[in-house]
Amino acid sequence: MGIVERKIRQKEEFRASILEAAWVQVLADGWQSLSIRKIADAIEYSIPVIYNHFENKEAILLEFTMEGFQKLADTLQEVKDQHTEPAAQLEAMAYAYWDFAFDHKEYYQLMFGLGIPACDRVNKIVEMKTMTMVMISTIKEAVAQGKHQDADYFLKYHTYFSILHGLVSIQMIEKSGKPDANKKMILQDAISGFISSLIGS
């Protein structure tokens, strides 16, 4: 391995150690506690060294935000691929979204901490757009196969996402861990009604 390659690898490894220290901090004390100084103390380096890799704390948060949206996009695509009918895909994706939110609460709280992201932010974060397109493409397919083919699929996407994000947010406010099966029945009822109105059954 040449000098250049070694320096690149060392930089990547140090960057990873910064993110790892930040994640440990978040798991212990939440996103509000995250600070460059604490990260520097954890990895025993000076603060300026951290700034050589990340411009500020927001840059670290953005890194985790992109990672979270990529994980969610991969999860939705994986469950979508397990079904062939759009209705079944939308139902499976809804449950996967719910489980992701509570199994990866730290990611979810960061990803949606300020409510539903604005359109301009979606366009700036590729991973967020990927997650969005998994939902939109499935809804387009459902509309095309349903009895209301003139339905506005983009409006339907916002309805679908609002159901998911709204129900998750309500449960997270309670801060009682992962909701029990009874709470998930609310999701099941809402998504069942949405799918019926979408395909016209």
Side-chain angles (χ1 to χ4, degrees), residues 31 62 64-201:
W31 289 109
L62 178 60
F64 284 120
T65 299
M66 293 188 296
E67 191 173 299
F69 275 112
Q70 188 60 59
K71 286 178 180 291
L72 179 53
D74 292 343
T75 298
L76 296 180
Q77 188 64 58
E78 182 179 349
V79 297
K80 177 180 178 177
D81 292 343
Q82 294 171 9
H83 304 273
T84 55
E85 292 299 318
Q89 291 173 336
L90 288 171
E91 185 176 26
M93 286 162 55
Y95 297 148
Y97 184 102
W98 174 275
D99 289 337
F100 175 90
F102 294 104
D103 291 339
H104 304 281
K105 187 175 288 187
E106 291 79 14
Y107 274 118
Y108 194 88
Q109 289 173 340
L110 177 63
M111 291 156 62
F112 298 107
L114 300 176
I116 298 175
C119 291
D120 59 338
R121 193 178 176 201
V122 171
N123 291 329
K124 291 177 182 177
I125 301 180
V126 174
E127 294 81 1
M128 188 188 295
K129 194 171 185 179
T130 300
M131 181 275 294
T132 301
M133 289 310 299
V134 175
M135 293 183 179
I136 291 176
S137 63
T138 310
I139 288 172
K140 284 183 72 173
E141 293 165 8
V143 169
Q145 294 182 18
K147 296 180 179 179
H148 306 292
Q149 297 182 3
D150 58 343
D152 184 338
Y153 70 86
F154 199 63
L155 173 64
K156 295 295 185 181
Y157 153 71
H158 279 291
T159 302
Y160 182 70
F161 181 74
S162 295
I163 291 171
L164 299 180
H165 183 56
L167 291 176
V168 165
S169 298
I170 289 170
Q171 295 304 318
M172 280 196 176
I173 289 173
E174 296 183 1
K175 298 181 179 179
S176 57
K178 189 170 183 177
D180 58 28
N182 289 331
K183 297 292 177 64
K184 200 169 185 177
M185 287 177 65
I186 300 172
L187 171 69
Q188 181 179 4
D189 185 53
I191 290 301
S192 176
F194 171 79
I195 292 173
S196 294
S197 70
L198 192 66
I199 63 178
S201 61

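For clarity, every value in this text was computed on a predicted model and none was experimentally measured.
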### Message
Working note: Val143 + Asp152, criterion side chain to side chain contact (heavy atoms under 4.5 Å, CB included); need CA distance, chi angles, decisive distance, verdict.
### Response
CA-CA 9 Å; Val143 169; Asp152 184 338; over 6 Å; no
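Inter-residue side-chain proximity for Val134 and Leu72 is flagged as unmet; no heavy-atom pair is nearer than 4.5 Å. You'll find the side chain of Lys140 reaches within 4.5 Å of the side chain of Ile136, heavy atoms only. Side-chain contact check for Thr130 versus Phe69: every heavy-atom pair is 4.5 Å or farther apart. When side chains are defined from C-beta on, Met111 does not count as touching Phe64, because their heavy atoms never get closer than 4.5 Å.
Distance alone, capped at 3.5 Å, is enough to place a donor-acceptor pair between the Gln89 side chain and the His83 backbone. With hydrogens and angles ignored, the 3.5 Å screen pairs a side-chain donor or acceptor of Tyr160 with a backbone N or O of Ala94. In terms of modelled atom types and a separation under 3.5 Å, the side chain of Asp180 and the main chain of Lys183 share a donor-acceptor contact.
Aromatic ring centres of Tyr108 and Phe112 lie closer together than 6.0 Å.
Residue Ile139 holds its CD1 atom at 7.0 Å from CE of Met93, rounded to the nearest 0.5 Å. Here the OG1-CE distance, from Thr65 to Met128, works out to 7.0 Å after rounding to the nearest 0.5 Å. Between Tyr157 atom OH and Ser137 atom OG the span is 11.5 Å, to the nearest 0.5 Å. Residue Leu187 holds its CG atom at 6.0 Å from CH2 of Trp98, rounded to the nearest 0.5 Å.
Ring planes of Phe154 and His158: perpendicular class, angle over 60° (limits at 30 and 60°).
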